[in-house]
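Order of the sequence lines fixes the chain letters, A, B, ..., with proteins taken first and strands second; residue numbering starts at 1 for each chain.
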2 protein chains.
Amino acid sequence: MTQRDLATATPVVTDGRPADLRAEAFQGVRDARSRELAEDYVELIAELIHDHGEARPVDIAARLGVRAPTVTKALDRLAREGLISRAKYRSVFLTDEGRALARECRRRHEIVLRFLLSLGLDAETAEHDAEGIEHHVSERTLALFAAFASKA
Amino acid sequence: MTQRDLATATPVVTDGRPADLRAEAFQGVRDARSRELAEDYVELIAELIHDHGEARPVDIAARLGVRAPTVTKALDRLAREGLISRAKYRSVFLTDEGRALARECRRRHEIVLRFLLSLGLDAETAEHDAEGIEHHVSERTLALFAAFASKA
DNA sequence: TCTGATAGTTAGCACTGTCTAACTTTATTC
DNA sequence: GAATAAAGTTAGACAGTGCTAACTATCAGA
């Protein structure tokens, strides 16, 4: 067997699918990872605006458990991506796009959370796990979660 | 109300828990994120060794969907962390610690996968989502998943 | 109104993860 | 065994996420 075989020539099947499909799955996970931070910020900003009328970096930092400069940098990126608008030394606003993303994230978060609770998980662990899981569930899985939770 | 109140003085409760606990959740997610890559590599290396007798960077790269230098760098880090051992231009071996981690990852992966399948998800989506979710489920959630899957 | 406390920014460092280009080593094949 | 193909490494770039230290702006209260 040549070196080439293992890597590409043979459609090596390890778990029922060729390597390429697996690579796509990992690519998807990497994409999700790069969106996660933005989603967490946008979701939190929407919540702060809803509850307190404004979203200030200091509150974002406290809730995310990071330092102020980290927040500044992240907000710069979000602004660059068109998800928020802001002026120096002022609090943060969501653009239409940011608001749409926030709504979508909230929806996913709540479905996952309700699902975990309906499985019998305690509230604290459910919240913790939902935070991690919500960025990695497909629409299809989400639909099953929602159906299960409303049936339970 | 002073500026300080929102951030720290008042134990602001937004979703039933003070901000500090939320910060811990996000901290946990960040920790998980930093472990994810190592876990993906170790799991894959174990699988390649099992199926093909050896784990070569070229195969790792193909399956993860990244370029060779990315793999080299990642393997350097894994070696530094004591999870793998390797010699230049040679294939990769797991240390005892690496093997233990691989076993643990495989266990989690399979529980999550079986759970998603037992919910009625198609195989491809299940595999895809399991890849993303497996790093973010607590032991407690995993136990519930396992129980549900074996009951279904 | 001015002054001290709080909030926010900037600059600079460290680490990770990705890439391309160029090079070295190893394997295959004639 | 020499030539070629494949695999692996190194170097260097770039972006993201985190930090501390030091600076600037804003706010609250005397």
Side-chain angles (χ1 to χ4, degrees), chain A residues 1-10 23 26-41 44-45 48 52 54-81 83-84 86-93 135, chain B residues 1-10 23 26-41 44-45 48 52 54-81 83-84 86-93 135:
Chain A
M1 178 160 65
T2 66
Q3 284 196 335
R4 199 153 189 290
D5 287 341
L6 250 188
T8 58
T10 317
F26 280 114
Q27 182 62 56
V29 172
R30 277 196 301 278
D31 289 349
R33 224 171 279 170
S34 81
R35 271 192 315 264
E36 276 182 55
L37 249 285
E39 293 183 354
D40 286 341
Y41 271 88
L44 177 54
I45 289 165
L48 286 168
H52 304 296
E54 62 172 353
R56 299 184 311 157
V58 68
D59 299 318
I60 296 170
R63 279 168 184 72
L64 291 181
V66 299
R67 299 294 184 170
T70 301
V71 171
T72 298
K73 243 189 224 180
L75 293 180
D76 284 346
R77 180 186 147 205
L78 296 184
R80 214 184 322 134
E81 290 172 355
L83 295 170
I84 64 167
R86 61 199 297 251
K88 254 195 180 182
Y89 296 101
R90 292 300 170 186
S91 54
V92 179
F93 299 93
H135 306 285
Chain B
M1 177 156 70
T2 66
Q3 285 195 332
R4 196 153 192 289
D5 287 339
L6 253 187
T8 58
T10 316
F26 280 113
Q27 180 63 56
V29 173
R30 277 195 300 279
D31 289 349
R33 232 171 327 222
S34 79
R35 270 193 314 263
E36 276 181 56
L37 250 285
E39 293 183 356
D40 286 341
Y41 271 88
L44 177 54
I45 290 165
L48 286 170
H52 304 296
E54 62 173 350
R56 297 184 312 156
V58 68
D59 298 319
I60 297 171
R63 279 167 183 71
L64 292 181
V66 298
R67 299 293 185 173
T70 302
V71 172
T72 298
K73 242 190 220 180
L75 293 178
D76 284 345
R77 181 184 145 205
L78 294 183
R80 213 183 325 133
E81 289 171 356
L83 294 170
I84 64 167
R86 61 199 297 252
K88 253 194 180 183
Y89 296 100
R90 292 299 170 188
S91 55
V92 179
F93 299 92
H135 306 285

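Straight-line distance from the CZ atom of B/Phe26 to the C1' atom of D/dG18: 16 Å, rounded to whole Å. Here the P atom of nucleotide C/dT16 and the CZ atom of B/Arg35 are 15 Å apart, to the nearest Å. In this structure, B/Gln27 atom CD and D/dT17 atom P are separated by 15 Å, rounded to whole Å. We find that CG of A/Leu75 is positioned 12 Å from P of D/dG18, with the value rounded to whole Å. Atom-to-atom, CZ of B/Arg56 to C1' of D/dG8 comes out at 11 Å; the value is rounded to the nearest Å. Across the protein-nucleic acid pair, B/Ile60 atom CD1 and D/dA7 atom P stand 13 Å apart, rounded to whole Å. To the nearest angstrom, C1' of D/dT17 lies 13 Å from CD of A/Glu36.
A/Arg86 has a side-chain polar atom (N or O) that falls below the 4.0 Å cut-off from OP1 or OP2 of C/dT9. Between B/Arg30 and the phosphate of D/dG18, there is a side-chain N or O to OP1/OP2 separation shorter than 4.0 Å. Within the structure, every side-chain polar atom (N or O) of A/Arg33 is placed at least 4.0 Å from both OP1 and OP2 of C/dT16. The side chain of B/Arg90 places an N or O atom within less than 4.0 Å of a non-bridging phosphate oxygen (OP1 or OP2) of C/dA27. Put simply, B/Arg77 has a side-chain N or O that comes within less than 4.0 Å of OP1 or OP2 on C/dG17. Contact annotation: B/Lys88 side-chain N/O to D/dT10 OP1/OP2 distance is under 4.0 Å.
Taking the side chain as every heavy atom from C-beta outward, A/Asp59 and A/Arg63 approach each other to under 4.5 Å. In this structure, the side chains of B/Leu48 and B/Glu54 stay at 4.5 Å or more apart for every pair of heavy atoms. Looking only at side-chain heavy atoms (C-beta outward), B/His135 and B/Asp40 come within less than 4.5 Å of each other.
At its two ends the helix from C/dT1-D/dA30 to C/dC30-D/dG1 runs along axes set 10° apart, each axis drawn from five pairs and the angle rounded to 10°.
For B/Ala62 against A/Ala23, the heavy-atom pair with the smallest separation is O-CB, 3.5 Å.
Taking a cutoff of 4.0 Å between a charged side-chain nitrogen and a carboxylate oxygen, B/Asp76 and B/Lys73 do not qualify as a salt bridge.
The residue among B/Leu37 and A/Val71 whose nearest nucleotide of DNA chain C is located toward the 5' end is A/Val71.
One N or O on the side chain of B/Arg30 and one on the backbone of A/Gly65 form a donor-acceptor pair closer than 3.5 Å.
By the side-chain contact (heavy atoms from CB on, under 4.5 Å) test, B/Ala68 is found to be paired with no residue, residues two or more places apart in sequence or in another chain being considered. Qualifying salt bridge (Lys or Arg N to Asp or Glu O under 4.0 Å) partners for A/Arg67, counting only residues two or more places apart in sequence or in other chains: none. Remark: A/Arg35 pairs with A/Asp31, A/Ala32, A/Glu39 by the side-chain contact (heavy atoms from CB on, under 4.5 Å) rule, at least two apart or across chains. Applying the salt bridge (Lys or Arg N to Asp or Glu O under 4.0 Å) criterion to B/Arg33, with sequence neighbours excluded, gives A/Glu36.
One N or O donor and one acceptor, one from the side chain of B/Lys73 and one from the base of C/dT18, sit under 3.5 Å apart.
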Pairs: protein N or O with nucleotides 20-24 of chain D N or O, under 3.5 Å:
unit_1 : atom_1 : unit_2  : atom_2 : d
D/dT20 : OP2    : A/Arg67 : NE     : 3.2

